[in-house]
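Here the structure is a predicted model, which means the values were calculated and not measured. Numbers restart at 1 for each chain; the letters A, B, ... are given by sequence-line order, proteins then strands.
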Amino acid sequence: MHVYRTHFCSELRSSHVGQTVRLSGWVFRKRDHGNLLFVDLRDHHGVTQVVVDRDSDAFALTESLKLESVIRIEGKVLSRGADKVNPDLPTGEIEVKAASVVLLSEAAELPFPIFGNAEYPEEIRLKNRFLDLRREKLHANIVLRSQVISSLRRRMIDQGFTEFQTPILTASSPEGARDFLVPSRIHHGKFYALPQAPQMFKQLLMVAGFDRYFQIAPCFRDEDARADRSPGEFYQLDFEMSFVTQEDVFAAIEPVLYGVFDEFSKGRSVTKPPFPRIAYKESMLKYGSDKPDLRNPIVISDVTEIFKDGPFAVFAKSIDAGSVVRAIPAPNAGPRPRSFFDQTNQWARDEGFAGLAYINFKGGEGGGIAKNLGPERVAQLVEKMGLGPNDGVFFACDKPGNAAKLAGLARTRVGTELDLIEQNTFKFCWIVDFPMYEWDELDQRVIFSHNPFSMPQGEMEALESKDPLDILAYQYDIVCNGIELSSGAIRNHKPEIMYKAFEIAGYDQSVVDEKFRGMINAFKYGAPPHGGSAPGVDRIVMLLADEPNIREVILFPMNQKAEDLMMGAPSYVSEKQLRELRIAIVGDPKKSANPGS
RNA sequence: GGGGUCGUAGCUCAAUUGGUUAGAGCACCGGACUGUCGAUCCGGAGGUUGCGGGUUCGAGCCCCGUCGACCUCGCCA
């Protein structure tokens, strides 16, 4: 007999009755009847009821066992009898009568119970992540994550992709997020950087002729956290393909995403390929966002023309000064109390906007600003937006960027409040035709709006002849239920176009040569046209596990301040280590106190 | 760095307008109990109400400061 177990805690059935078995696991739950006690023994696989009675030698020990202690039991499998079966447990037909119980590892008093699904403060959970991971939901999330990753791998390989590992210690790059820096011991004053993504490496793999690359790639970015953004590190299904157009990339990844979402959907519906393509500009207008949640049926309209030079002076004046008006319909919300409209307006003000005007229709009769606007213009509005006799409509009037943003937030809020968000579905779309550049108000200059390695639509000719802010890129995002899963592009593989593109953003050739040396050099020796993308693995699992917080699908996440409370990272290091690196800590002496030396 | 919410027993929460000794459930300790599966019943221990200051006859509650957590803006492929 194996020293620890003959079966998993999930395995035993009526067919095992009469056998002598050995099980090992954690004391999940104990029910003490004085002369008879029950232990629910749990391992990774499941739970089995163990019963011990007074005449057993194991009784005293079992009685004193603390929850979550690790034990090994040995005994006979008994049938429970019809009235005692537990239908909620796969092993509920049987129990094991313990002849012997061995304590393998005793547990101290727990900071929170493992049993049940009550919520506990994250700080305690993160500090005791190994305990939290024992709990059913988190344990299941992590298993799901593993299954999703193997499914992604299998599907990518089936599509003709090959997996490669790329370096973790690389060079700092000037664009994009803040890098994590790693000081070099050998080269004083120089630093490695952890890759924000294996962007240049995967492009070099294309130049190297590997045709189709993928990797479940760790990415490191020293930026602040959000609920859907883990601080420090995360994983992407990074992939790249040679000799492809944008449509080829879509055709390659759509079945992978559809397949994996369908596989783990548990009955939820999934958009079938091809996913809808929405131009960036259209998305900003209709959904007020570049990551629209298509479960929300509300569509925003531009109604600037209806308010222009009209009697509603606040808006008319603002339009003259360059504002636009975006209208957000609130289907069948017309008869709602005035408080619904006022609160929504107040919410907009709390968000830092000027507010939301509204009209509420009741039986076709418009309230709110309807009388300020006048019957003729209200009629135009109803016609243009196709409003029903009991609809409400909100108006955001601001400069185009802000108006779109407010309209987008209002769309989400109204859709949620009116319970219009379709449940149990994954709605995918592509956002395409992103602008190549945008205007940075802060620095008063043109900057890359996304990845600087994207190919501008129209290539060199567009760069030379068009207003930079009018140039579109072969740049695309995958969005699912309002969450940006992935960003990708057809890359710029021609050095002369690359130099020109960077020149427009204010970098001269020497900067490109220095900062992107490896890649620009490679492009001079025959580079295939190529493109790819990189869906976020954590976010995919988050959606499939239906978790609003990304930390619930990561084994050992850091907290919002990028600290690992369990391991104590980041930490001070010894003077010796610092000396070797020739690093001196300067600045706030309170903060540079170094207990590690 | 800014804004919001929160902070009471190991954990989840309660405590009337500011008013006697800050309560309950789970967990823990002791006792009873041979069919439970969130076992049940009886008892016990457990608190500098995050921390510091202020107002008051009196503060968990009001005021100021500070620390921490989460959410968010900035930031971010």
Side-chain angles (χ1 to χ4, degrees), chain A residues 28-41 47-56 59 63-64 66-68 78 80-81 83-89 91-92 95 97 107-128 131 173 175-179 195-199 217 219-232 234-238 290-291 347 350-353 405 409 434 442 448-454 475-478 484-489 532-536 539 548-549 551 559-561 563 565:
Chain A
F28 192 31
R29 206 68 196 171
K30 232 170 66 182
R31 292 175 294 279
D32 186 346
H33 289 248
N35 290 310
L36 174 76
L37 53 91
F38 300 97
V39 171
D40 288 341
L41 191 67
V47 173
T48 298
Q49 174 165 289
V50 176
V51 63
V52 185
D53 76 20
R54 180 59 81 180
D55 9 315
S56 166
F59 190 81
E63 199 176 28
S64 71
K66 291 193 169 62
L67 293 184
E68 291 306 308
L78 305 179
R80 286 211 203 176
D83 54 329
K84 290 164 197 144
V85 163
N86 183 350
D88 300 328
L89 218 54
T91 59
E95 63 193 359
K97 181 154 188 182
E109 187 179 343
L110 300 164
F112 53 84
I114 305 305
F115 188 87
N117 47 16
E119 298 200 23
Y120 299 95
E122 266 213 293
E123 193 177 0
I124 300 170
R125 294 178 52 203
L126 290 175
K127 217 174 259 172
N128 301 279
L131 290 180
S173 69
E175 282 285 326
R178 223 172 268 128
D179 285 318
Q196 296 177 22
Q199 183 64 37
C219 303
F220 305 91
R221 289 170 198 168
D222 189 4
E223 296 293 348
D224 289 348
R226 284 291 180 278
D228 65 350
R229 213 165 70 202
S230 184
F234 59 96
Y235 283 81
Q236 292 183 333
L237 169 61
D238 194 39
D290 60 359
K291 32 179 189 273
W347 158 82
D350 292 344
E351 292 282 314
F353 297 95
K405 194 172 167 190
L409 293 170
F434 276 86
L442 204 67
F448 287 109
S449 74
H450 283 76
N451 188 319
F453 306 135
S454 303
Q475 165 88 38
Y476 38 81
D477 284 0
I478 301 170
E484 181 191 313
L485 274 191
S486 166
S487 184
S533 190
R539 286 184 180 175
N549 193 305
R551 288 185 295 271
N559 68 5
Q560 194 178 18
K561 285 165 73 181
E563 294 166 313
L565 297 175

Between [atom2] on [N] and [atom1] on [X], what's the gap in Å once rounded to a whole number?
| X | N | atom1 | atom2 | result |
| --- | --- | --- | --- | --- |
| A:R29 | B:rA39 | CZ | C1' | 9 Å |
| A:E223 | B:rC73 | CD | C1' | 14 Å |
| A:F28 | B:rA39 | CZ | P | 10 Å |
| A:D222 | B:rG74 | CG | P | 18 Å |
| A:L110 | B:rC11 | CG | P | 13 Å |

Just call it for [X]: base, sugar-phosphate, or nothing, with non-hydrogen atoms closer than 4.0 Å on any strand.
| X | result |
| --- | --- |
| A:K127 | nothing |
| A:I124 | sugar-phosphate |
| A:P113 | nothing |

Quick one: look up who [N] pairs with, Watson-Crick or G-U, both distances under 3.5 Å, and put none if it's unpaired.
| N | result |
| --- | --- |
| B:rU48 | none |
| B:rA24 | B:rU12 |
| B:rU5 | B:rA69 |

Between [N] and [M], how many Å separate the two [atom1] atoms, rounded to a whole number?
| N | M | atom1 | value |
| --- | --- | --- | --- |
| B:rU72 | B:rC28 | C1' | 39 Å |
| B:rG46 | B:rC26 | C1' | 14 Å |
| B:rU21 | B:rC63 | C1' | 28 Å |
| B:rA14 | B:rG35 | C1' | 36 Å |
| B:rC29 | B:rG23 | P | 24 Å |
| B:rG68 | B:rG50 | P | 16 Å |
| B:rU12 | B:rG74 | P | 32 Å |
| B:rC64 | B:rG18 | P | 16 Å |

Inspect the contact between A:D40 and A:K30 and indicate whether a charged nitrogen and a carboxylate oxygen are less than 4.0 angstrom apart.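 No.
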
What residues, two or more places apart in sequence or in another chain, satisfy salt bridge (Lys or Arg N to Asp or Glu O under 4.0 Å) together with A:D290?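 Checked A:D290 against salt bridge (Lys or Arg N to Asp or Glu O under 4.0 Å); zero matches.
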
Non-neighbouring partners of A:R29 that pass salt bridge (Lys or Arg N to Asp or Glu O under 4.0 Å), sequence neighbours left out: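 Not a single residue meets the salt bridge (Lys or Arg N to Asp or Glu O under 4.0 Å) criterion with A:R29.
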
Treating primed atoms plus P, OP1 and OP2 as sugar-phosphate and everything else as base, which nucleotides of nucleotides 28-36 of chain B get B, S or - for protein heavy atoms under 4.0 Å? SS---BBBB

How does each nucleotide of nucleotides 65-72 of chain B score, in 5' to 3' order, for protein heavy atoms under 4.0 Å: base (B), sugar-phosphate only (S), or none (-)? ---SSBBB

With sequence neighbours excluded, tell me which residues meet ring-ring contact (aromatic ring centres under 6.0 Å, His included) with [X].
| X | value |
| --- | --- |
| A:F453 | A:F516 |
| A:F28 | A:F115 |
| A:F112 | A:Y120 |
| A:F38 | A:H33 |

For [X], give me all partners under side-chain contact (heavy atoms from CB on, under 4.5 Å), at least two apart in sequence or on another chain.
| X | result |
| --- | --- |
| A:Q560 | A:A225 |
| A:K66 | A:S69, A:E106 |
| A:K291 | A:S289, A:V479, A:E484 |

Output a table of nitrogen or oxygen pairs between the protein and nucleotides 42-49 of chain B separated by less than 3.5 Å.
none

Output yes when a side-chain donor or acceptor of A:R178 lies under 3.5 Å from a complementary backbone atom of A:D222, and no otherwise.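 Yes, A:R178 side chain to A:D222 backbone: donor-acceptor pair under 3.5 Å.
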
On a plain distance test, is the side chain of A:R125 in donor-acceptor contact with the base of B:rC11 below 3.5 Å?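 In this structure, the two groups form no donor-acceptor pair.
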
I'd like to know if A:R221 reaches the base of B:rC76 with its side chain such that a donor and an acceptor end up less than 3.5 angstrom apart.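 It does not, because no donor-acceptor pair links the side chain of A:R221 to the base of B:rC76 below 3.5 Å.
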
Given salt bridge (charged side-chain N to carboxylate O under 4.0 Å, His left out), test A:D53 with A:K97 step by step and report yes or no. CA-CA 8 Å; A:D53 76 20; A:K97 181 154 188 182; 3.2 Å; yes

Strictly by modelled atom types, are A:Q236 and A:S486 linked by a side-chain donor-acceptor pair under 3.5 Å?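 A:Q236 vs A:S486: no donor-acceptor pair found between side chains.
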
